[in-house]
Colleague: 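First, the structure itself, so that you have it in front of you.
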Amino acid sequence: MISPTRTSSGVTAVPSLNLTTRDAASLKVDALVVGSVSTDSGATLADGHGLPAAAAAHLAAVLTDLEAKAKVGETVRVVAVPDVAATAVVVTGLGAGAEVDTVALRSAAGAALRSVAKKATVAVALPAEDEAALAAVADGAYAGVYGFDATSTKVSPGAKKATAKKAATTGPRITVVSSLGQGKAVKGAVERAAVIGSARDFARDLVNTPPNLLTPQLFVDRVKAAVAASSGKVTVTVLDEKALAKGGFGGIVGVGQGSANPPRIVTMTYSPSGSRAKKGGVAFVGKGITFDSGGLCIKPSASMLTMKSDMAGAAAVAASVIAAAELGGPVPVTGYLCLAENMPSGTAQRPGDVVTMRNGTTVEIIDTDAEGRMVLGDGICLAGESKPDVIVDIATLTGAQMVALGARVAGVMANDDDFRSTVVSAGAAEGEDSWAMPLPRELRAGLDSVVADLAHKADRWGGMLTAGLFLQEFVAEGIKWAHVDIAGPSFNEKGADGAIPKGGTGYGVATLVNLVENHTA
């Protein structure tokens, strides 16, 4: 699992996940989590709690008295429950009984654990009828504990110093109660949830880190530290600004040339023994704009407040490569982190400039605030040179994605319909919603230029789709490719909701890991 790598003196809450088949009522924990479902008369305990009759009757009376509705995300904490060893019982809403699925279980577990995140021991006894449901419970429970406090001044320096060495054990010990036994597959589901949860929290930490503490080079340092603390199966190489210029990476060099913090491309490689990939396995390319001011086409000030999150794609790629290695993924995985800071200055790129990309394509710059596609274009070219079976790029690319699909659903475009469906299905299996989007041929004309091979932006209509069409120009022939626009789901500006925290969400980590695990050449 990924160890905490924050650069300040803050303490990372890192939970642990364990499995038991013991009677939930006998577990001596600080909190026991059970579920409730909604009925015409209000909330009632969900099946599978395993509590004694006296305990169930007491909780039912409390739910009735409080007029609980069992909505997903609703939590009720009850102390001194008869015949229960736990100090308190948390009843978390699962919604209508007929609608309890992995989505509800994940969200309910997240909400419950958030309400007791500071407790030392928590047991979770939610209804899980199969391994997928149990995995959703474990995943939601792990995700619900997350909290970012790396730069907080609310903890005294002495307390921070005293607890820093315990950073890896400060989260609760979470015990998932299983009615499915403790067979290999059941244990594997919970262990996988812990690995992905740790990786997702690493991505969340990166996204939440203030931009002055996460320049391109500092991003590199954080990734190297995480890799060093992991399984030892991932290798890292870095192209600095000189190597990028020499290598013809005009897209990312142009984006980064206005900043005092030069760009980087990081390559992370995992090569398992006995790989079943027939050719080159899987390649992931992540947009890593560590801060996006818009460049000379500067953003309004209010629009910059969340632009520290413009590297969420690269964060997801970094975390997923490490997680895939930790889980012993069956195929080779290479991650490309395209890191740059987009700033205005006397050396900044101008609208009207023409740059030459890694594959020799010349591109006319239209809007310096559409920089993500330029760094990704170079990254996709580099990924294609190793001839992988598939390439997936993931990026906070367009505001048009949020206009079309909102803040929770990513847009997926691809050069192959079946592969696009594979990516969407992988996300659905992991609780990361996405929607298949087209790449209409008629919109391609909007990228024509009279001074270069390609204009890097078309007009406003179909902006998410024309960005995808631009990226498609850099995919090597014969390689299946998908583009995942996560502008909305990568960052939650509102309050925490279920398993989703405020701030960086870590969206995409689980989807990418799923693609590795289920990849066929």
Side-chain angles (χ1 to χ4, degrees), residues 15 17-102 104-117 119-131 133-138 140-142 144-145 172-182 186 189-190 498:
L17 279 177
N18 309 279
L19 187 70
T20 187
T21 55
R22 290 177 56 194
D23 179 17
S26 69
L27 298 174
K28 296 181 179 180
V29 292
D30 296 321
L32 169 65
V33 177
V34 298
S36 63
V37 294
S38 60
T39 67
D40 292 340
S41 58
T44 186
L45 288 181
D47 294 336
H49 55 75
L51 298 179
H58 182 78
L59 291 172
V62 172
L63 292 175
T64 298
D65 186 60
L66 294 177
E67 299 181 356
K69 303 299 183 184
K71 293 181 180 179
V72 177
E74 175 189 79
T75 59
V76 175
R77 190 188 307 188
V78 186
V79 299
V81 177
D83 298 334
V84 171
T87 304
V89 174
V90 176
V91 185
T92 184
L94 295 168
E99 299 174 1
V100 176
D101 54 15
T102 56
L105 287 169
R106 181 178 284 107
S107 185
L113 265 293
R114 182 171 296 107
S115 73
V116 291
K119 300 299 183 181
T121 55
V122 182
V124 184
L126 294 178
E129 298 180 353
D130 54 33
E131 290 158 13
L134 188 70
V137 170
Y142 195 109
V145 174
R173 178 180 173 86
I174 303 169
T175 300
V176 180
V177 180
S178 168
S179 62
L180 304 174
Q182 293 199 54
V186 174
V190 175

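What's counted below: heavy atoms across the whole structure, side chains too, no hydrogens, waters or symmetry copies. This is a predicted model, so every value here is computed, not measured.
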Colleague: Would Leu59 and Leu51 count as a side chain to side chain contact (heavy atoms under 4.5 Å, CB included) here? Give the steps.
Modeller: CA-CA 10 Å; Leu59 291 172; Leu51 298 179; 3.5 Å; yes
Colleague: Would you say Thr175 and Leu19 make side-chain contact, with heavy atoms under 4.5 Å?
Modeller: no
Colleague: Nearest 0.5 angstrom please: Arg22 CZ to Ser178 OG, how far?
Modeller: 14.0 Å
Colleague: What closest approach, in Å, do Val186 and Gly181 show between heavy atoms, and which atom pair accounts for it?
Modeller: CG1-O, 3.5 Å
Colleague: Given side chain to side chain contact (heavy atoms under 4.5 Å, CB included), test Leu63 with Thr44 step by step and report yes or no.
Modeller: CA-CA 7 Å; Leu63 292 175; Thr44 186; 5.9 Å; no
Colleague: Counting C-beta onward and ignoring hydrogens, is there a side-chain heavy-atom pair between Val90 and Val34 closer than 4.5 Å?
Modeller: no
Colleague: Taking all atoms of both residues into account, what is the closest heavy-atom pair of Thr75 and Ser115, and its distance?
Modeller: OG1-CB, 4.2 Å
Colleague: Val145 and Ala141: which non-hydrogen atoms are nearest, and at how many Å?
Modeller: CG2-O, 3.5 Å
Colleague: So, the side chain of Arg77 versus the backbone of Val91: is there a donor-acceptor pair under 3.5 Å, distance only?
Modeller: no
Colleague: Is the backbone N or O of Ala43 less than 3.5 Å from a side-chain atom of Ser38, with the two atoms forming a donor-acceptor pair by type?
Modeller: no
Colleague: Can you find a heavy atom in the side chain of Thr21 that is under 4.5 Å from one in the side chain of Val177?
Modeller: no
Colleague: If only atom types and distance count, is the side chain of Arg106 paired as donor or acceptor with the main-chain N or O of Ala138 below 3.5 Å?
Modeller: no
Colleague: Quick one, Arg173 with Asn18, criterion side chain to side chain contact (heavy atoms under 4.5 Å, CB included). Give me CA distance, side-chain angles, the key distance, then yes/no.
Modeller: CA-CA 8 Å; Arg173 178 180 173 86; Asn18 309 279; 3.3 Å; yes
Colleague: More than 12 heavy atoms of other residues, nucleotides or ligands under 6.0 Å from CD of Gln182: is that the case?
Modeller: yes
Colleague: Show which side-chain atoms of residues 24-32 pair as donor or acceptor with protein atoms under 3.5 Å away, not counting sequence neighbours.
Modeller:
unit_1, atom_1, unit_2, atom_2, d
Ser26, OG, Asp23, O, 2.7
Asp30, OD2, Ala120, N, 3.0
Asp30, OD2, Thr121, N, 3.1
Asp30, OD2, Thr121, OG1, 3.4

Colleague: For Ala133 versus Ala128, what's the shortest heavy-atom pair and its separation?
Modeller: CB-CA, 3.8 Å
Colleague: Rounded to the nearest 0.5 Å, how far does OG of Ser36 lie from CD of Glu74?
Modeller: 6.0 Å
Colleague: Is the shortest heavy-atom distance from the side chain of Glu129 to the side chain of Leu134 under 4.5 Å?
Modeller: no
Colleague: For Ser107 versus Val72, what's the shortest heavy-atom pair and its separation?
Modeller: OG-CG1, 3.4 Å
Colleague: Taking all heavy atoms of Ala54 and all of Asp83, pick out the closest pair and write down the distance.
Modeller: CB-OD2, 3.4 Å
